[in-house]
Amino acid sequence: MKDQAIKQLSGLPLAYMGDAAWEICVRQTLLERGLTRPKDLHREATAYVSARGQAQAMEVLLEGDRLTEEEIRIYKRGRNASPHTSAKNASKQDYRVATGFEALMGYLYLIQPQGRFEDLSQECLAIIEERIDHERK
């Protein structure tokens, strides 16, 4: 897709792409860490791809000056979209923020400005991992 077409996508198609791109990023990371048993992979991945985990990562990104104005605009486009489904295991607020997170990730994955998807993904993985470690203690 051309950049102009990507920039015109609404929040939900961007979130659709971002969900897939983030899932691949998480799965690759878990494999690189040496996890190989499907049960372990699924259990660990769930914490990273959950609406709550994504919402917490997004909240940390928004608190600092980590995002550009354009990235914040894309996040809000996803967050404010009207999904046709509802969250099963998350609050409505977390679900909306997670949809914004996925829209941002989808946008960055499609646009690929100088590795921004990879950089932000690594930062989000670290944020979620810190939350997981804190909850396990």
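In this structure, Leu30 and Ala45 approach most closely via the heavy-atom pair CD1-N, 3.5 Å. Heavy atoms only, all atoms of each residue included: Ala57 and Ile127 are closest at CA-CG2, 3.7 Å. Closest heavy-atom contact between Gly78 and Thr99: O-CG2, 3.4 Å. Counting all heavy atoms, side chain and backbone alike, Met105 lies closest to Ser121 at CE-OG, 3.3 Å. When all heavy atoms of Gln54 and Glu102 are compared, the pair lying nearest together is OE1-OE2, 3.2 Å. When all heavy atoms of Leu108 and Glu71 are compared, the pair lying nearest together is CD2-OE2, 3.7 Å.
Side-chain atoms of Gln28 and Glu32 include a donor-acceptor pair closer than 3.5 Å.
Atom-to-atom distance recorded for Ser10:OG and Asn80:CG is 12.0 Å, nearest 0.5 angstrom. How far CH2 of Trp22 is from CG of Leu120: 8.5 Å, rounded to the nearest 0.5 Å. Note: Tyr75 OH to Leu104 CG = 10.0 Å, rounded to the nearest 0.5 Å. Atom CD1 of Ile132 sits about 9.5 Å away from atom CG of Leu125, to the nearest 0.5 Å. Going from atom NZ of Lys7 over to atom CZ of Arg73 covers 8.5 Å, rounded to the nearest 0.5 Å. If you take CE on Met1 and CD1 on Ile6, they are separated by 5.5 Å, rounding to the nearest 0.5 Å.
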Checklist entry - Stepwise, does the side chain to side chain contact (heavy atoms under 4.5 Å, CB included) test hold for Glu69 with Ile72? => result CA-CA 5 Å; Glu69 287 182 27; Ile72 292 170; 5.7 Å; no
Checklist entry - Run the salt bridge (charged side-chain N to carboxylate O under 4.0 Å, His left out) check on Asp40 and Arg43 step by step: do they pass? => result CA-CA 5 Å; Asp40 295 339; Arg43 184 186 69 246; 3.1 Å; yes
Item to check | Criterion side chain to side chain contact (heavy atoms under 4.5 Å, CB included) on Glu44 and Leu35, from CA distance to verdict | outcome: CA-CA 9 Å; Glu44 290 296 316; Leu35 293 173; 3.7 Å; yes
Item to check | Evaluation steps, side chain to side chain contact (heavy atoms under 4.5 Å, CB included), between Leu62 and Val97 | outcome: CA-CA 11 Å; Leu62 291 168; Val97 173; 5.7 Å; no
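In terms of hydrophobic clustering, with Ile, Leu, Val, Met, Phe, Trp and Tyr side chains grouped at heavy-atom distances under 4.5 Å, Tyr95 and Ile128 are assigned to different clusters. Tyr16 and Ile74 fall into different hydrophobic clusters, where Ile, Leu, Val, Met, Phe, Trp and Tyr side chains are chained together by heavy-atom contacts under 4.5 Å. The hydrophobic clustering, which links ILVMFWY residues whose side-chain heavy atoms are closer than 4.5 Å, places Leu14 and Leu12 apart.
Checked for salt-bridge contact, Glu23 and Arg27 meet the test: a charged N lies under 4.0 Å from a carboxylate O.
In the displayed structure, Arg37 atom CZ is contacted under 6.0 Å by at most 12 heavy atoms of other residues, nucleotides or ligands. Within a 6.0 Å sphere centred on CG of Asp65, other residues, nucleotides and ligands contribute 12 heavy atoms or fewer. The environment of Glu135 atom CD is dense: over 12 non-hydrogen atoms of other residues, nucleotides or ligands sit within 6.0 angstrom.
Under the side chain to side chain contact (heavy atoms under 4.5 Å, CB included) rule, Phe101 has a single partner from Met58, Arg79, Glu59, Arg96, which is Met58. With Leu41 as the partner, the side chain to side chain contact (heavy atoms under 4.5 Å, CB included) test is satisfied by one option alone out of Val26, Thr36, Leu31: Leu31.
With contacts defined as side-chain heavy-atom distances shorter than 4.5 Å, the pair Gln112/Phe117 qualifies. By the 4.5 Å heavy-atom criterion applied to side chains, Leu9 and Tyr107 are not counted as neighbours.
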